[in-house]
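Contents: one structure, followed by commentary.
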Number of protein chains: 2
Amino acid sequence: MAQRSAPSTIVDVAKAAGVSVATVSRALRGMDRVSPSTRERVRRVADELSYLASPTATSLASGQTRIIGVVVPFASRWYFASMMSAIAKAMRDRGYQVLLFDVEPEPCGGRLELTRSMLWKRVDGVISINVAMTEGELELLRGVHVPVVSIGYDLPDRSSVGIDDYAAARTATDHVLDLGHREVAYIGAALEPNELVETPRERRRAFTEAIEKRGLPLRDEWILATDWTPQHAHDLTVDLMRSASPRPTAIVCASDEIAMGTCLALTELGLGVPEDVSVVGIDDHTMAGLFSLTTVRQDFVAQGEQAAALLLESIAAQERSAFQPQRVVIDTELIVRGSTAPPRRQDSDGSG
Amino acid sequence: MAQRSAPSTIVDVAKAAGVSVATVSRALRGMDRVSPSTRERVRRVADELSYLASPTATSLASGQTRIIGVVVPFASRWYFASMMSAIAKAMRDRGYQVLLFDVEPEPCGGRLELTRSMLWKRVDGVISINVAMTEGELELLRGVHVPVVSIGYDLPDRSSVGIDDYAAARTATDHVLDLGHREVAYIGAALEPNELVETPRERRRAFTEAIEKRGLPLRDEWILATDWTPQHAHDLTVDLMRSASPRPTAIVCASDEIAMGTCLALTELGLGVPEDVSVVGIDDHTMAGLFSLTTVRQDFVAQGEQAAALLLESIAAQERSAFQPQRVVIDTELIVRGSTAPPRRQDSDGSG
DNA sequence: GGCCGGTGTCTAAGCGCTTGCATAGAGGCG
DNA sequence: CGCCTCTATGCAAGCGCTTAGACACCGGCC
């Protein structure tokens, strides 16, 4: 007589357990005001009927979807994919699922903007990874009362997690400086027009300040800006090494992908890494080991965890309307591999 | 008097337009049995109230979530991230959102299995990218009546899209063979225990058959299997080139990531690509150009589009309970870059 | 003029939960 | 022994939509 076809609802469980649906709901969700024996019985019956609360019904009634959105500018790029994956895992552990908002720009035209229909009553919160939110989007998010935490940059009145970009780039630069390099170039990222995104600026500032701190000359033509792609970095490196005289003996890269492009370019030009040129990156990319790349590692898992935690806090706080934004900074770590070494002894030193 | 705070519901629109909620629902969803004038009025009122149907309520009432799940074994790897991104875009164009099911194996233990709670009443369908479904999962999917389309492999009684793995690998192999290479190695992927996943097997078979077709000897020790990572490919390449005698003059790789690992290894060993060894891959990875990699390109956008289309068909067909699985094969294309060239003239040819 | 088939619209019954409030017992207390 | 306080449970009103079926109205037809 048991209906194997139709999945059982809370009503079935209530009937089978001889209680009201309200009690079933309470019992199964671990709320108080349910006697231990009733709870146990309800649980057993629910199990037997392999009852599972309908998420859509639950959402409608409770107003919560247990889904969060993750906004990324380029879902297929390594950094974003890695971060997304880390977030998805952290969220899964907390009982949430992740909706993908890939706002990658179409060939023509700017990136996709978040809309009310993507968010409203759809997600309990949003994690935005390094995407410069427009003023309109920020207002939208405020309007639909969706908490946000940002990764990699800060949003007004929102929690955020990220690494210390300045410190990471400073560590990378100081590393080659400590090895004795004095002719050091920097390949970074183009500065974003959006003021909120500080990574390109901060990393570059760290580089220039590290150079200046040692009293070394700062050459503008040795500070290059990419679109973060290895290809672009490759091309810039070729130009740089062809035209510069003297040539830099070390190149600090704002990311490992940039560094990989640079390494490939150097090899192509017949320059040895690190014999002729040292290269250091930031990230600890999956392929960094392959390139023997010295780098400053950032921890995706930790960032995903923190972002998840902060978002849930924001959600909870919103309900109590008692929200205090927080900033969490995750440590980075210098990983020394084979792409950096002291500069080759110069026959001409210039000094004296 | 207008409540800017509370978002308007269908009831508000109905009142303001002087019709019943049923009419609003019909009018807004473009159903028939609504007079043009009424429809127009309802539309205008809805606009004015900036009404948006609550997705949770709609889902509860209609039984559809307009969300699909994408199952990937490693969300952060390039292939999966690219495919996911393509799917997300194709689905977005069709009014669906994408829920991420990253089933990446934990350090210890197998991969995460899909559960009823991840699927039931949550997604209208699932696209599974190259993940070997267990028998339990297949049954689960059947049980919850969630249509599935698979990418990169076939599932019994379900639609699928993919490239012709055999043809792709055959093209790659024939390419180096046509260039005159006779000492050719293959670095592929370990064969999956799951019978459904044929990519590793098919690509390898294409290689061996191409070799045999030309009457060339097949050396087992020149057929290597990786876990798809460049690092593994790198290590295998180093071993191969150190131990083999004679050495292969060309290496066919089952993917571009493998090919990149191989190229890096060769460079490290002081071997030129393509002067000493030609390398060909499959995929046309974002970084393939950087490595000047000759490769067989596969089109992610087309695959994502097709998968989306097939899934929507499956969903529609399921409602009419008239489903016919389909298999769509997307063409691949040889992209010749600089990593392949005729073999260097051998002083010893061995022949006669 | 009565009958009929369309249209356009409404009524109301769900969809399957959550939750505020009412209530029935069970003790504890004076 | 009556009264009050708690605790465990039930009742029922939502949550905001979809949709089957009822119904009114209209013109056309014999």
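What you see below is based on every heavy atom in this structure, not just the backbone, and it leaves out hydrogens, waters and symmetry mates. Just so we're on the same page: letters track the sequence lines, and every chain starts at 1.
Using a 4.0 Å cut-off between charged nitrogen and carboxylate oxygen, E104(B) and K89(A) count as a salt-bridge pair. Residues R327(B) and D154(B) are paired through a salt bridge, judged by an N-O separation under 4.0 Å between the basic side chain and the carboxylate. Look at R94(B) and E305(B) and you find a salt bridge, because one of the NZ, NE, NH1 or NH2 atoms lies within 4.0 Å of a carboxylate O, short of that distance.
With distances taken from any side-chain atom of A53(A) to the nucleotides dC17(C), dT9(D), dG16(D), the minimum falls on dC17(C).
The CZ-P distance, from R33(A) to dG25(C), rounds to 17 Å in whole Å. Regarding R41(A), its CZ atom lies at a distance of 8 Å from the P atom of dT9(D), rounded to whole Å. Distance, K15(A) NZ to dC17(C) P: 13 Å, rounded to whole Å. As a whole-Å value, the separation of M31(B) CE from dC10(C) P is 15 Å. Rounded to whole Å, atom P of dT7(D) lies 9 Å from atom CG of D32(A). The distance from atom CD1 of I10(B) to atom C1' of dC15(D) is 13 Å, rounded to the nearest whole Å.
For the contact set between residues 56-66 of chain A and DNA chain D, defined by any heavy atom under 4.0 Å, the members are L60(A), A61(A). Taking a 4.0 Å limit (strictly below) on heavy-atom distances, residues 16-28 of chain A reaches DNA chain D at G18(A), V19(A), S20(A), A22(A), T23(A), R26(A).
The six-membered or imidazole ring of F300(B) lies near that of Y79(B), with a centre-to-centre distance under 6.0 Å.
Remark: side-chain polar atoms of R39(B) are paired, donor with acceptor, to backbone N or O of M31(B) under 3.5 angstrom. In this structure, the side chain of S160(A) does not engage the main chain of I151(A) through any donor-acceptor pair within 3.5 Å.
Distances shown here put a side-chain N or O of S35(B) below 4.0 Å from the OP1 or OP2 atom of dT9(C).
The two residues I68(A) and Y96(A) make their nearest non-hydrogen contact at CG2-CD2, 3.6 Å.
Atom CD of E139(A) has 12 or fewer neighbouring heavy atoms from other residues, nucleotides or ligands inside a 6.0 Å radius.
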